[in-house]
Amino acid sequence: QLTDQAEKPETKPTLDDSIYLDLQQKLVAFIDAKGYLEPECSLSSLAKEFNTNTAYLSKYLNEVLNNSFNQLINEYRILDFIERVKNDKEGRKTFTIDHLASLSGFNSKSTFIRAFKKQTGIAPSVFLKSIEDVLVSPLSYIEMVLAFVLGGVIRGLLVGGVILII
């Protein structure tokens, strides 16, 4: 005997173009404001900030950006980490990886290292050593970021004629 609950088909949220556009605009503003650096940033807090629900936001991220919330936030945090250590020679020599990761929004060293390795294929310590060992020109730095961080796959969000690497 079937229960009422078993008879109901599972419904997934559907999003129309206006909701996608609204979420895209809010996400671009969030990224521009570097909201991903907030250590307590979560899917639910972002959905609340965007005046939507977590199901819609998650569906948007998965369908449009082919990314989960955590993957997206970690990618931007890792890009911030890379920019931070590239531009602050004294900081990368003075501060621990722990501290530099926390400045980029990570709550724990182990989460940071796992996310960094997953995204770049190398450990953060190897990356830091490679920056110290090689005099990096702007062009080779861009090539290095594309190779390490994006793994050769460029994902972008076209906004106003500008592609945001995400």
Side-chain angles (χ1 to χ4, degrees), residues 1-87 97-124 127 142 144-166:
Q1 182 178 8
L2 296 174
T3 64
D4 288 341
Q5 189 176 20
E7 292 173 358
K8 294 179 184 176
E10 183 179 337
T11 59
K12 294 186 178 181
T14 58
L15 303 177
D16 62 32
D17 291 342
S18 66
I19 293 173
Y20 276 141
L21 183 58
D22 183 54
L23 289 174
Q24 178 182 5
Q25 291 170 343
K26 289 176 178 176
L27 186 60
V28 168
F30 170 80
I31 291 167
D32 286 346
K34 296 189 175 195
Y36 51 86
L37 295 179
E38 181 60 43
E40 301 307 316
C41 180
S42 68
L43 181 64
S44 60
S45 68
L46 195 58
K48 185 176 181 179
E49 183 180 327
F50 287 4
N51 295 318
T52 190
N53 61 52
T54 56
Y56 279 180
L57 182 55
S58 182
K59 185 173 179 69
Y60 171 80
L61 294 172
N62 288 311
E63 287 184 1
V64 175
L65 304 180
N66 295 320
N67 242 339
S68 72
F69 173 79
N70 287 334
Q71 287 171 320
L72 180 72
I73 296 302
N74 286 343
E75 285 178 10
Y76 275 99
R77 288 175 174 173
I78 289 166
L79 286 171
D80 181 81
F81 173 86
I82 290 169
E83 282 297 313
R84 190 176 303 276
V85 299
K86 178 192 132 275
N87 294 324
I97 288 177
D98 234 5
H99 180 72
L100 294 169
S102 71
L103 293 175
S104 296
F106 286 93
N107 285 321
S108 78
K109 183 179 179 179
S110 61
T111 300
F112 166 70
I113 290 171
R114 187 172 40 256
F116 194 94
K117 281 182 180 178
K118 181 179 179 185
Q119 189 168 332
T120 66
I122 61 172
F127 178 77
I142 290 169
M144 183 171 58
V145 168
L146 288 175
F148 285 141
V149 176
L150 302 175
V153 177
I154 299 174
R155 288 181 290 222
L157 178 63
L158 183 60
V159 179
V162 175
I163 296 179
L164 299 173
I165 302 294
I166 53 176

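In what follows, residues are counted from 1 in the order of the sequence shown.
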Q: List the atom of Pro124, the atom of Phe112, and the distance in Å for their closest heavy-atom pair.
A: CG-CE2, 3.4 Å
Q. Closest heavy-atom contact between Phe116 and Ile82?
A. CE1-CG1, 4.1 Å
Q | side-chain contact (heavy atoms from CB on, under 4.5 Å) assessment of Lys59 paired with Val64 | A | CA-CA 8 Å; Lys59 185 173 179 69; Val64 175; over 6 Å; no
Q: Would you confirm whether the ring centroid of Tyr56 sits within less than 6.0 angstrom of the ring centroid of Phe50?
A: no
If you round to the nearest 0.5 Å, how far is [atom2] of [Y] from [atom1] of [X]?
X	Y	atom1	atom2	result
Asn53	Lys48	CG	NZ	14.0 Å
Phe30	Glu38	CZ	CD	9.0 Å
His99	Ile97	NE2	CD1	13.0 Å
Asn74	Phe69	CG	CZ	9.0 Å
Ile73	Tyr36	CD1	OH	9.0 Å

Hey, is the main chain of [Y] close enough, under 3.5 Å, to the side chain of [X] for a donor-acceptor pair?
X	Y	answer
Asp80	Tyr76	no
Gln71	Ser68	yes
Ser58	Ala55	no

Residue pair [X] / [Y], side-chain heavy-atom distance below 4.5 Å:
X	Y	result
Thr52	Lys26	no
Thr120	Phe127	no
Arg77	Cys41	yes
Ser104	Arg84	yes
Lys109	Ile113	yes

Q: Output, in order, the C-alpha distance, side-chain angles, deciding distance and verdict of side-chain contact (heavy atoms from CB on, under 4.5 Å) for Asn67 and Glu75.
A: CA-CA 10 Å; Asn67 242 339; Glu75 285 178 10; 3.4 Å; yes
Q. Are side-chain N/O atoms of Tyr60 and Gln24 paired as donor and acceptor at under 3.5 Å?
A. no
Q: Quick one: do Leu27 and Leu61 satisfy side-chain contact (heavy atoms from CB on, under 4.5 Å)? Show the steps, please.
A: CA-CA 10 Å; Leu27 186 60; Leu61 294 172; 4.0 Å; yes
